[in-house]
> 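Dumping the structure here so I can ask a few things about it.
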Amino acid sequence: MTTTIDDIDHLLTGAIDLDCRTGPSLEARHFTHDYAAEEAAAAGMAAVAFRDDFYPTTPVAAILEKTVYAELPMKLLSGVVLNNYVGGLNPYAVEHELELGGRIIWMPTISAANHLRMGYRDKSDNPAMRPREALSVLDARGAITGPVHEILEIIAEYDAVLASGHLHISEILPLFESARAAGVRRMLVNQPLHHAGATLADIEELAREGAFIELTAAAFIEGPDRRHPPDVLTSVIAAASPERIVFSSGLGHTGNLKPVEGLRALIRLCLQHGIAEEDMTMMLAKNAAQLVGLA
């Protein structure tokens, strides 16, 4: 049977959203993590990962999963973004988060030197708050810093996911090379085009070396965070191959669609541009399950 744009809900069964931006947060959100979990479960999804740029999400996910939503047939995943608010590139933050049960360690996002060079502003630019310190995984000579080497060793020890955050491709390539040398097996490239500035050749190389490439609904569907036309979506999928692509929502901010709605919009966009149903199932569910160890 051919799937149509009006018959898509079965494609969300077993899906995993590794970039769910719900609250509480300093940024305005549609709703809090508990409502996001309910909506994802109602859609038949297998897991969601809560990400916030300002705090570790594992304690919240653990409380919800073990108490309020103990009966939900899905996993609540979490981790920490290594921005200034947790001490930056801080091995202690990584070790404690993973010991608590977190699965994903994101490199700096809104504190990344690359992000700040792009001129973005957010709630942490409030004059009443401390200005952000620009963070890079490279030292002045272009080598991976000592604390980052420690972080990679900890991620390898816990067999966790290393995510690139908003680093530039010039940082991601040596970072992932060092990660592989340290024994890290699970790697995810966030925002490969807009933030990282990767070319299709870079994406092909990263995928060939074993990284997954994350494409968010927010970057492609209609809305204020749309960055790319649909032909870019299909080009990236072709460069990496569907076996190395992970679809996430990247949603939760007010002004955009809610996360599950955004994933539905991404599915419709893919159908309109001829992406096969079996490939969408891989990119929505199977690849992320493999990446985070749920497969």
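All values below were derived from every heavy atom in this structure, side-chain atoms included, with hydrogens, water molecules and symmetry-related copies excluded.
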> Give a yes-or-no answer on whether the side chains of S25 and E27 include a donor-acceptor pair shorter than 3.5 Å.
no
> Does this structure show an ion pair linking D52 with R29, if we count only N-O contacts that are shorter than 4.0 Å?
yes
> Answer whether the closest heavy-atom distance between the side chains of F54 and I110 falls below 4.5 Å.
yes
> Side-chain heavy atoms nearer than 4.5 Å, only ILVMFWY residues, links allowed to pass through others: does that put L11 and L233 together?
yes
> Not counting sequence neighbours, which residues clear ring-ring contact (aromatic ring centres under 6.0 Å, His included) with F220? List them please.
H228
> Counting distance only, does the side-chain N/O of R186 pair as donor-acceptor with the main-chain N or O of L291 below 3.5 Å?
yes
> Could you identify which residues cluster with Y35, counting Ile, Leu, Val, Met, Phe, Trp and Tyr as linked when any side-chain heavy atoms lie under 4.5 Å apart, either directly or through a chain of such contacts?
F31
> Mark yes or no for whether S111, through its side chain, and N84, through its backbone, hold a donor-acceptor pair below 3.5 Å.
yes
> For residues L12 and L77: do they belong to one hydrophobic cluster (side chain heavy atoms under 4.5 Å, members Ile, Leu, Val, Met, Phe, Trp, Tyr)?
no
> Does atom CD (E177) have a neighbourhood of more than 12 heavy atoms from anything else shown, all under 6.0 Å?
no
> Applying a strict under-4.5 Å side-chain criterion to I, L, V, M, F, W and Y, I'd like to know whether L263 and V246 cluster together.
no
> When you look at CD of E133, are more than 12 heavy atoms from neighbouring residues, nucleotides or ligands closer to it than 6.0 Å?
no
> When you compare the side chain of E97 with that of V86, does any pair of heavy atoms fall below 4.5 Å?
no
> The test is side chain to side chain donor-acceptor pair (under 3.5 Å); show your working for Y158 and E99 and say whether it passes.
CA-CA 8 Å; Y158 283 85; E99 185 67 21; 2.5 Å; yes
> Which ILVMFWY residues can you reach from Y92 by hopping between side chains whose heavy atoms are under 4.5 Å apart?
none
> Which other residues end up in the same hydrophobic cluster as L100, if Ile, Leu, Val, Met, Phe, Trp and Tyr are linked when side-chain heavy atoms come under 4.5 Å apart?
none
> Flag the pair V161 / L18 as yes when at least one side-chain heavy-atom distance between them is below 4.5 Å, and no otherwise.
no
> A side-chain contact here means heavy atoms from C-beta on lying under 4.5 Å apart; do L89 and M107 qualify?
yes
> Given the rule that I, L, V, M, F, W and Y join up when any side-chain heavy atoms are under 4.5 Å apart, are V184 and V292 in one cluster?
no
> Establish whether V137 and L162 are linked, either directly or via other cluster members, by ILVMFWY side-chain heavy-atom contacts under 4.5 Å.
yes
> According to ring-ring contact (aromatic ring centres under 6.0 Å, His included), who are the partners of H273, at least two apart in sequence or on a separate chain?
none
> With no hydrogens and no angle check, is any side-chain donor or acceptor of S249 less than 3.5 Å from a backbone partner on A218?
no
> Look only at the side chain of H33 and the backbone of C20, and say whether a donor-acceptor pair between them is shorter than 3.5 Å.
no
> Answer yes or no: does atom NE2 of H149 have more than 12 heavy-atom neighbours from other residues, nucleotides or ligands under 6.0 Å?
yes
> Does I275 offer a backbone N or O that forms a donor-acceptor pair with the side chain of D279 under 3.5 Å?
no
> Which side-chain N or O atoms in residues 187-199 pair as donor and acceptor under 3.5 Å with protein atoms at least two apart or in another chain?
from, atom 1, to, atom 2, distance (Å)
N190, OD1, S164, N, 3.2
N190, OD1, G165, N, 2.7
N190, ND2, E214, OE1, 2.7
H194, NE2, Y120, OH, 2.2
T199, OG1, A201, N, 3.4
T199, OG1, D202, N, 3.0
T199, OG1, D202, OD2, 3.1

> Is any side-chain heavy atom of L152 closer than 4.5 Å to a side-chain heavy atom of L175?
yes
